[in-house]
Amino acid sequence: MKSSVSLKEMVGTKTIYALLLVCYYWMWARRDWHHYYDTIQNMIATFSILFFVMQAVRIRKYAKEEKDERAIQILHRVDALGLKIMVASVIVIAFASAVAIMDGRMMGYALVGTIFALTVIRFILFCVMTGKEV
């Protein structure tokens, strides 16, 4: 891992964080139990620990490198657009909950799904706006 750490890589790994959030919400919110759930939970926990350790090393390395100001400005624009998308999504989810289309558990799935979708959209928009391949 002697290569430099790019902002694109840092933005892309946020997708894995969001996927882990979806997995952990599934573990907390499910109502059934099967014998293989223990294996899935242990695999997710082990992956999380290893991923966080590897990310800590990469983030420390990124902090020591020179920053690309253009990419940071583009990221701020993408984040502003993402905020607008998130606000609209939360309004739709809140309205669906208010008129009793969704219960609390389904609302949680909708929220973590929205967070995951938003991280994917954020990464794609960032790659497109910087003119680099996904």
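Using cut-offs of 30° and 60° for the angle between ring planes, the Tyr37 and Trp33 rings count as perpendicular.
A distance of 10.5 Å separates OG1 of Thr119 from NZ of Lys14, quoted to the nearest 0.5 Å. The CD atom of Gln73 lies 6.5 Å from the CZ atom of Arg77; values are rounded to the nearest 0.5 Å. Rounding to the nearest 0.5 Å gives a distance of 9.0 Å between CD of Gln41 and OH of Tyr24. Rounding to the nearest 0.5 angstrom, the gap separating the CZ atom in Phe126 from the CG atom in Asp79 is 9.5 Å. Distance check: Thr15 OG1 to Ile124 CD1 gives 8.5 Å after rounding to the nearest 0.5 Å. For the atom pair Phe116 CZ and Leu20 CG, the distance stands at 10.5 Å (nearest 0.5 Å).
When every heavy atom of Thr130 is checked against every heavy atom of Ile74, the shortest pair comes out as CG2-CD1, 3.7 Å. For the residue pair Phe123 and Lys8, the shortest heavy atom distance occurs at CE1-O, 3.6 Å. Contact record, Val112 with Val22: O-CG2, 3.6 Å, taken as the closest heavy-atom pair.
Residues Tyr17 and Phe52 bring their aromatic ring centres within 6.0 Å.
Linking Ile, Leu, Val, Met, Phe, Trp and Tyr residues whenever their side-chain heavy atoms come within less than 4.5 Å leaves Tyr36 and Met43 in two separate clusters. One hydrophobic cluster, built from ILVMFWY side chains closer than 4.5 Å, holds both Ile85 and Val90. Each of Ile40 and Leu50 belongs to its own hydrophobic cluster when Ile, Leu, Val, Met, Phe, Trp and Tyr are linked at side-chain heavy-atom distances under 4.5 angstrom. Leu81 is connected to Val120 through a chain of hydrophobic side-chain contacts under 4.5 Å among Ile, Leu, Val, Met, Phe, Trp and Tyr, so both are in one cluster. Cluster membership for Ile49 and Val57, using ILVMFWY side-chain heavy atoms within less than 4.5 angstrom, is not shared.
Tyr25 has its side chain out of reach of Ile115: every pair of non-hydrogen atoms, C-beta onward, lies at least 4.5 Å apart. For the pair Ile59 and Met10, the minimum side-chain heavy-atom distance is below 4.5 Å. Between Asp68 and Leu7, every side-chain heavy-atom pair lies at or beyond the 4.5 Å cut-off.
As a member of the Ile/Leu/Val/Met/Phe/Trp/Tyr network built from side-chain separations under 4.5 Å, Val53 groups with nothing else and remains a singleton. Chaining together hydrophobic side chains whose heavy atoms lie under 4.5 Å apart places Leu83 alongside Val87, Ile91.
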Exercise for review: For side-chain contact (heavy atoms from CB on, under 4.5 Å), just list the numbers for Arg122 and Leu75, CA-CA rounded to whole Å, side-chain angles, deciding distance to a tenth of an Å, and then say yes or no.
Suggested key: CA-CA 9 Å; Arg122 179 181 186 235; Leu75 184 60; 3.4 Å; yes

Throw together a table of side-chain donor-acceptor distances under 3.5 angstrom for residues 99-108, partners on residues two or more places apart or in other chains.
from   : atom 1 : to     : atom 2 : distance (Å)
Asp103 : OD1    : Met106 : N      : 3.1
Arg105 : NE     : Ala29  : O      : 3.1

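Between the side chains of Tyr62 and Ser6, not a single donor N or O lies within less than 3.5 Å of an accepting N or O.
Under a cut-off of 6.0 angstrom, the local environment of CZ in Phe95 is sparse, with at most 12 non-hydrogen atoms contributed by other residues, nucleotides or ligands.
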